[in-house]
Amino acid sequence: MSELVNCILDALPEILVKIMKIDKELVKSLIESGKLRVAPTPDPRLGDYGVSLHFLLKGIERDKWVELGNELSRELYAATRDKCWVERVDFVNGYLNFTLNYFNMLGKLVDLLVKGEVSKELMNVGRGIKVIVEHTSANPVHPLHIGSGRNSVIGDTYARLLRKLGFSVETRFYVNDLGRQVAILAYGVKIVESKSISRPEGIKPDHWYGVIYALTNILIELSRLREEIKGKLSELVDLCEKTCNNILSEEATGNIPRDIAFTICGISLKRNLKLETLKQAKSLYIKLKQLKKMSSNSEVSTLLSVLEDLRTRVKEYYEYVKAERALSANFPEVYNALRTEVRNHLEAEKEISKLMSQAEKEDPETLQFFRRICEDVLNGFKQTLESIGINFNAFDFESSSEVLSEAHNVVSDLLKTNYAKVIEGGAVEVDLNAASRDHDYIRNLFHPDQAGRFVVRRRDGTTLYITRDIAYTLYKFRKLGAEKVYNVIAVEQSREQRQLKAVLYILGYLKEAENLHHFSYEMVHLKGMRMSGRRGVYYTIDEMLIDNKLSILKKLMEKEKTQNIEELIQVADKIAIANTRAVLISVDPGKVLVFDPEKAGEIEYGVIVEYAFVRAQGIIRNLWGLEFLDNSTEVCNKILELAKSIRETELSVEEKKIVESLAMFNSVLSKSYIEMKPNKILEYAVNLALDFNRFYEKYPIISERDESKRNIRVLITVLTMLALSELMDIMGFPKLRRM
RNA sequence: GGGCCCGUAGCCUAGCCAGGAUAGGGCGCCGGCCUUCGGAGCCGGAGGACCCGGGUUCAAAUCCCGGCGGGCCCGCCA
């Protein structure tokens, strides 16, 4: 209700100056600095909006407040009555409280929501400016999980919001098909296909390739860890031998207690009994850690650091073993095929590196192979995303010649600047520390951190992820003609995204740097589970949808309605989409989202909105026999007709609340856009729905005998329905007729 | 070692940038309400050191400083 707030603020200075004898400029600066502000009251009985005057009343005796306050109220009422929908002004405890005339506000809402002025106003924000929203962009090596889901839903919702605001929006998915991860998958697929094992019916390609990727990765990691553990163990034994000798030769054990000395010497003596050593290492670790708390010497520290290395690796090893066991049980044939081939991590790495460099050198056969796999996985992605109402305008491949060749141009352009040079070995490095000394823009990007350096070309002449990302960004701006770009990418990449901006700046693309926005969001954590694509442990969007659908179906069945089962499933389907999308935008993007699959059924933001929308439709259906979703124009015409004949009536608290909430409609949307917080839209919709539920529960609508009351209630119902409908469009909720 | 983000009832979350009155919702829990527009609802209730400690202010969940706890980033990985 910023209009209203401003309206009151406009009237305020003159009256304060007149009555309190304060300097006009002072009042103006107080308003500008936000010291003097109009805010909603905590209780509607006090009024609707209030201004705190305490800091102005500071020097004035308390018993004179009332007199002064009443005078202020009178004057303010006279000044705001006609313009700002103000009905009365009261002075309470140092606050000036304004009570509004909601009936008049209703008229304004009809113009906004029914006559569509709100959308005209909103369309003015974007004015057709071309915006590219890049989102999801998950590595095509395993199915989309809840983390990618958060990305997708945030990205899609934001894109929908931008469209509503009049931007010309294009959504794009950047396919990272040149990375190590895809190479690992390709390596695995090659083996699996060579044994002519193919995807069983009924398994989606993304899930299938996810298994191959994880198992290949697990086998490689296990081999690597085995070797590293072996190395660390012999390092430990050597160290123990040395320490043991020192202890013996010094005759005294120094700082080292006798039992620890025993263990150390024991490890050195049993050097060939590895299994034993691992057990002893563990107990030595615990003992030394305690010892270090009390006293420490260099010998203890070195031993501890080796032991700590060993410990992390052993822990990691067991996590992989656990993952291996789970996957091999479900996919024995894939597992067996891979196990016979992936024996040594070094060999595997060699194969993988070969695949990577072949791809990067645009070897047609390799590229084609990569493409085939990625396209398969992407088909799985598309199916998943479509099921929650998400589509893309385009998929851009990292391996495309546009990106690859542009990446090399980027390197040579950078070399022409003062901030990039060929370093030892032949790699090319960009020095942003130097750049930030010359350019405030770059320093401020990283401040208070150091800007740092990074490599854009390896010594073998190939480019890196960031190099290609720079190229892709330029492609978005220059070839695709974007004026603004939003990259919906996890926070972990915020450094990379700043480097991207910095490089654009260095290359002279100042406007582009300014118009590149990192839409950052935090990670998703699963309760009681650590997700890892590399270990094949994840909670997929597909699963999430099914879980939600099942819990909804269960509830529907309990109701024992006479609807047929097919209809029930259709309803459950749609609600599951709304619920799933809702959970994923429910939390501020800057905060970690913790999700508990066990409680998936308890999350009902989607249902709440759907329910209110369905109820409102039901009321209109009963009243006029009109189906809103089929015939919204006729509903609008009817309501315009009705609005004309409406007579002024006092509104109830519940009605006022809805009216006020509806009046916030466009300010919520623009706030959500500016702050990049789609969660605000959901919050708004849910609160509106809850307010509406309370309203129709308490007051009869169709059966109300008093015509003017009935008309207002019908009007509020339609207005709410229109607002919810818009909000559901933005959030991508399917629109139900009945449930 | 350096940098960024987060910390609000049993759980989740809004408010923090622009300080203001009784910290707003939801889940779960307890107790009520089905002959009136569809009960996936409504009404009532219990449950809070707004992480801790200082500071600024008439006024601090909000601003500043210092801690603590959690997450993330600092690769010739992506």
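Heavy-atom basis, side chains included; hydrogens, waters and symmetry copies ignored. Owing to the predicted nature of the structure, the values given are computational and were not obtained by experimental measurement. Chain letters run A, B, ... following the sequence lines, proteins first and then strands; every chain starts at 1.
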With a 4.0 Å cut-off on heavy atoms, is [X] in touch with a base, just the backbone sugar-phosphate, or nothing at all?
X	result
A/Glu424	base
A/Asp588	sugar-phosphate
A/Leu690	sugar-phosphate
A/Thr41	base
A/Gly590	sugar-phosphate
A/Asn622	sugar-phosphate

In terms of ring plane angle, is the pair A/His145 and A/Tyr538 parallel, tilted or perpendicular, where the classes change at 30° and 60°?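 Rings of A/His145 and A/Tyr538: parallel, as their planes differ by under 30°.
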A/Phe695 vs A/Phe692 aromatic rings, parallel, tilted or perpendicular, using cut-offs 30° and 60°? tilted
Distance check, C1' atoms only: B/rG54 and B/rG48, in whole angstrom units.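 Pairwise C1' distance, B/rG54 against B/rG48, rounds to 23 Å.
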Taking the same atom, C1', in B/rA61 and in B/rC50, what whole-Å distance lies between them?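 The same atom, C1', in both gives a distance of 5 Å.
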Nearest of [options] to any side-chain atom of [X]?
X	options	value
A/Lys527	B/rC58, B/rG71, B/rC11	B/rC11
A/Arg615	B/rG15, B/rG38, B/rA78	B/rG38
A/Met356	B/rA78, B/rC37, B/rC74	B/rA78
A/Pro448	B/rA78, B/rC4, B/rA14	B/rC4
A/Val607	B/rA40, B/rG38, B/rA78	B/rA40
A/Arg468	B/rA78, B/rC72, B/rC58	B/rA78
A/Arg694	B/rG26, B/rC11, B/rC37	B/rG26
A/Glu683	B/rG71, B/rA14, B/rG20	B/rA14
A/Glu496	B/rA78, B/rG26, B/rC17	B/rA78
A/Asp449	B/rG3, B/rC37, B/rA78	B/rG3

Ring centroid separation for [X] and [Y], is it under 6.0 angstrom?
X	Y	value
A/Tyr95	A/Phe91	no
A/Phe395	A/Phe173	yes
A/His135	A/Phe519	no

Does [N] have a Watson-Crick or wobble partner in any strand here, with both distances under 3.5 angstrom, and which is it?
N	answer
B/rC4	B/rG71
B/rC63	B/rG55
B/rC76	none
B/rC37	none
B/rC42	B/rG32

By nearest heavy atom, map A/Val587 and A/Val614 onto RNA chain B; which one lands nearer the 5' end? A/Val587
Assign each of A/Ile608 and A/Ala689 the nucleotide of RNA chain B bearing its closest heavy atom; nearer the 5' end lies the nucleotide of A/Ile608
Counting only side-chain N and O atoms of [X], is one of them less than 4.0 Å from OP1 or OP2 of [N]?
X	N	value
A/Arg458	B/rC77	yes
A/Lys591	B/rG7	yes
A/Asn693	B/rC42	yes

When you compare the ring of A/Tyr95 with the six-membered ring of B/rA21's base, are the centres less than 5.5 Å apart and the planes under 30° from each other?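 One would call A/Tyr95 stacked on the B/rA21 base.
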If I take atom CG from residue A/Asn679 and atom OG from residue A/Ser586, how far apart are they, to the nearest 0.5 angstrom? 8.0 Å
Would you kindly give the OH-to-P distance between A/Tyr699 and B/rC42, to the nearest whole Å? 15 Å
